[in-house]
**Student:** 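Quick one: the structure is below, questions incoming.
As the structure is a prediction and not an experimental result, all values here were calculated from the model. Throughout, a chain's letter reflects where its sequence line sits, starting with A, and its residues are numbered from 1.
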Amino acid sequence: MDNTGKVSPGSSACVAPQTLKLEQWGLRLERPKNEQHGDYAVNVSPLAKQLRQGPPQIAEALNPLLDKAFQEDELGLHLIGGFINVSMSHSLLSKAIHHVLEQSQPGLNDDLAGQSILLEYVSANPTGPLHIGHGRWAALGDSLVRIFRHCGAVVTPEFYVNDAGLQVLKIGYSIYLRALEILHTKNPLSGYTQPTEFPYPGEYVIDLAQAFLSDTSKGSKNSDWVLQQFQHAQKELNPAPFEAIEADEEAAAKYDPVIQFALSTVLTQQQVLLENLGVHFEAYFFEKAYLHQRDLVTQVLDQLKHDRFAYMQDGALWLNSSEFGDEKDRVLIKSDGSYTYLAADIAYHHQKFSRLDDNGNPQYNRFINIWGADHHGYIARMRAAIQALGHPVEQFEVLLGQLVNLVIDGEKTRMGKRRKMLTLEDVVSEVGVDATRFWMVSKSADTALDFDVELATSQTDENPVFYAQYAHARCASILRNALHPPLNTQSVTDDESTAPFVSEAAYLEFEATLTPGHFAPLFQQFLPQETPETVLTALKQLILKLDSFEDSVIESARFATPHSLARYSLELATAFHRFYNTCRVLTPDPTLTLPRLFLILAVKKTLAQALELLGVSAPERM
RNA sequence: GCCCCAGUAGCUCAGCGGAUAGAGCAACCGCCUUCUAAGCGGUGGGUCGCAGGUUCAAGUCCUGCCUGGGGUACCA
């Protein structure tokens, strides 16, 4: 989490002061807070200390340099205090539009070129449905994957499946208990004792039990298997309480069929939902098959022991994590001989660092994990283990996200407190994929998120995703009408007004010969009912917003903050809506209409790209 | 106790040490015979939790305190 890099729009389409190397001086081009000051600005104050001069004097001294560099582009410069303010000429603004139209994908850049990132997120236990919190990590993680890739990084999104350990036995046995309960209800079993509690009490377990009983993929009937288990168990309590099963390895092993069913069923449900959300993982990493069955956990622990980073005490194996800044040492092997979750996770991370590419070099140079704030205490020990194993710990990053509160009927409810848990699937089917995803990334991961189901569905005014989508749909509508006017214009009968605003031939010719010069009429010609000053203001704001898209993408990538991109999409939508209200696009005059039309095309393209990076659809109609 | 996150307009939140701290929603006043009113314009609304400190400059950095959330397992 190295946040020292400063975002500088050095790659902006219009003003490209590469010759000035602003960044090496610690300066950057920024958007002035007050629009009246100009379109861009350079604040020279950071140089004040070094040069022992007041910012205004420095600005004065730098001005000729900048003036010279920007001369070709007809920029207007003027000084206020320590600020060099830059006003863009109409020809530069035209270039900005042209640039967007030229690009295959707006905002595409190479800011993260050379980075190879393994991004692990969600990694939910395969013991139940995903909840709303998982939804936040899914939306956040997938957006980051898209954003990182847009900045030239190679990204592998990965999901770690904890399919080993106690919780897996727990869900399997719970399903068995529920299945038995169902069979007993249908046809009373002699010797059956109603269990006082289920290891996993959730209602979804009953559904899983039902599914298990009707599943015939194994050839034999699962109900027969359940009854068999029941009859073979000869304890005073039948079925036995979970504690008895847990303590007896042989007994536990008997429940393997139902465990396998649970794992594959639950994981499949999770995967279907994630894909439905547009969240795609390149790899699912299975703890049992990839770590335990390959002895990787043992090997890692042996290495730690060998290098004296792990030691025995009180019958347990401890990691010497306090040596690396953790507040205390941590257990790796419990005194009952079983591994802790940490032990397996260390092996997993060791495996991550050990992966090689085709040339035998380390495959990744960044390892990012998205964890909930409840795992915060875990960071120090994981870092300790990574250092103990000799891996570059600075390549290990944790994005800690604050938790999600579900708001129902205006009241916050903590996850799991209600007996009837509202799952992520319930929420998505209620509010839709787009609203869910946008909502989840619209706020900084550092702040706790309230997810209000009613708000996300009903009150569209408070649900900003539609605002951005509406802007896109409006653009689409204009483009449709330009070439295919609505046929149902009964009030108008003369030929001219039923014809398209621009002919397809004119459109194609304009597109084929497009140069920045084609946009000159935007700034020069207006309809009688338009106020040039108002139009120009809205137009300029819209173009500047378009031009800052790449910077916005880079910023989101560097700071891993998709929420700033969500904000950008709303700001671009605002600039567009404002322009739409001051300036008519479709007019009878092609020289006026075509440049405006292609500006709309650039807006539509950029808006669609911004939404795409957030995994939100850009509808053609609403 | 210790660790992490947050505290900015009535509400939900942006805000990369730099110009007069910004959006959305809510409130109030306007704008549809014209490309989608899921839209646009305008008005009101702030001791940036509190107290110190660093700096030419602090909502932003440091220290302490207050409030809320999370964590502090031989759970996962």
**Student:** With heavy-atom distances below 4.5 Å as the criterion, would you say the side chains of D314(A) and S335(A) are in contact?
**Tutor:**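 With C-beta onward as the side chain, the pair stays apart.
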**Student:** For a quick check, with a 4.0 angstrom heavy-atom cut-off, what is the B/S/- contact string for nucleotides 54-59 of chain B, read 5' to 3'?
**Tutor:** ------
**Student:** Map S444(A) and A164(A) onto RNA chain B by nearest heavy atom, then report which one ends up closer to the 5' terminus.
**Tutor:**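 Mapping each residue to its closest nucleotide by heavy atoms, the 5'-most match is S444(A).
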**Student:** Nearest whole Å is fine: how far is U34(B) P from R474(A) CZ?
**Tutor:**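 Going from CZ in R474(A) over to P in U34(B) covers 13 Å.
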**Student:** The criterion is salt bridge (charged side-chain N to carboxylate O under 4.0 Å, His left out); which residues satisfy it with K334(A), sequence neighbours excluded?
**Tutor:**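 For K334(A), no residue satisfies salt bridge (charged side-chain N to carboxylate O under 4.0 Å, His left out) once neighbours in sequence are set aside.
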**Student:** Please convert RNA chain B into dot-bracket. A pair counts if it is Watson-Crick or G-U wobble with both distances under 3.5 Å; crossing pairs go in [ ] and bases paired with another strand get |.
**Tutor:** (((((((..((((....[...)))).(((((.......))))).....(((((..]....))))))))))))....
**Student:** Might you list the N or O atoms of the protein lying below 3.5 Å from N or O atoms in nucleotides 29-33 of chain B, with each pair's distance?
**Tutor:**
none

**Student:** Pick the closest RNA chain B nucleotide for H375(A) and for Y580(A) by heavy atoms, then say which residue is nearer the 5' end.
**Tutor:**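 Closest to the 5' end, via its nearest nucleotide, is Y580(A).
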**Student:** Could you tell me the separation between the CG atom of L594(A) and the C1' atom of C35(B), rounded to a whole number of Å?
**Tutor:**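 From L594(A) CG to C35(B) C1': 15 Å.
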**Student:** Can you tell me which nucleotide in G70(B), C35(B), C40(B) comes closest to the side chain of L403(A)?
**Tutor:**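 Given the options G70(B), C35(B), C40(B), the side chain of L403(A) is closest to G70(B).
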**Student:** Can you tell which of G41(B), A6(B), U34(B) lies closest to the side chain of D446(A)?
**Tutor:**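 When the side chain of D446(A) is considered, A6(B) is the closest of G41(B), A6(B), U34(B).
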**Student:** Check nucleotides 60-62 of chain B against the protein and report each pair of N or O atoms closer than 3.5 Å, with its distance, or say if there are none.
**Tutor:**
none

**Student:** Under the rule for salt bridge (charged side-chain N to carboxylate O under 4.0 Å, His left out), what residues qualify as partners of K540(A), not counting sequence neighbours?
**Tutor:**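 Expected list: D39(A).
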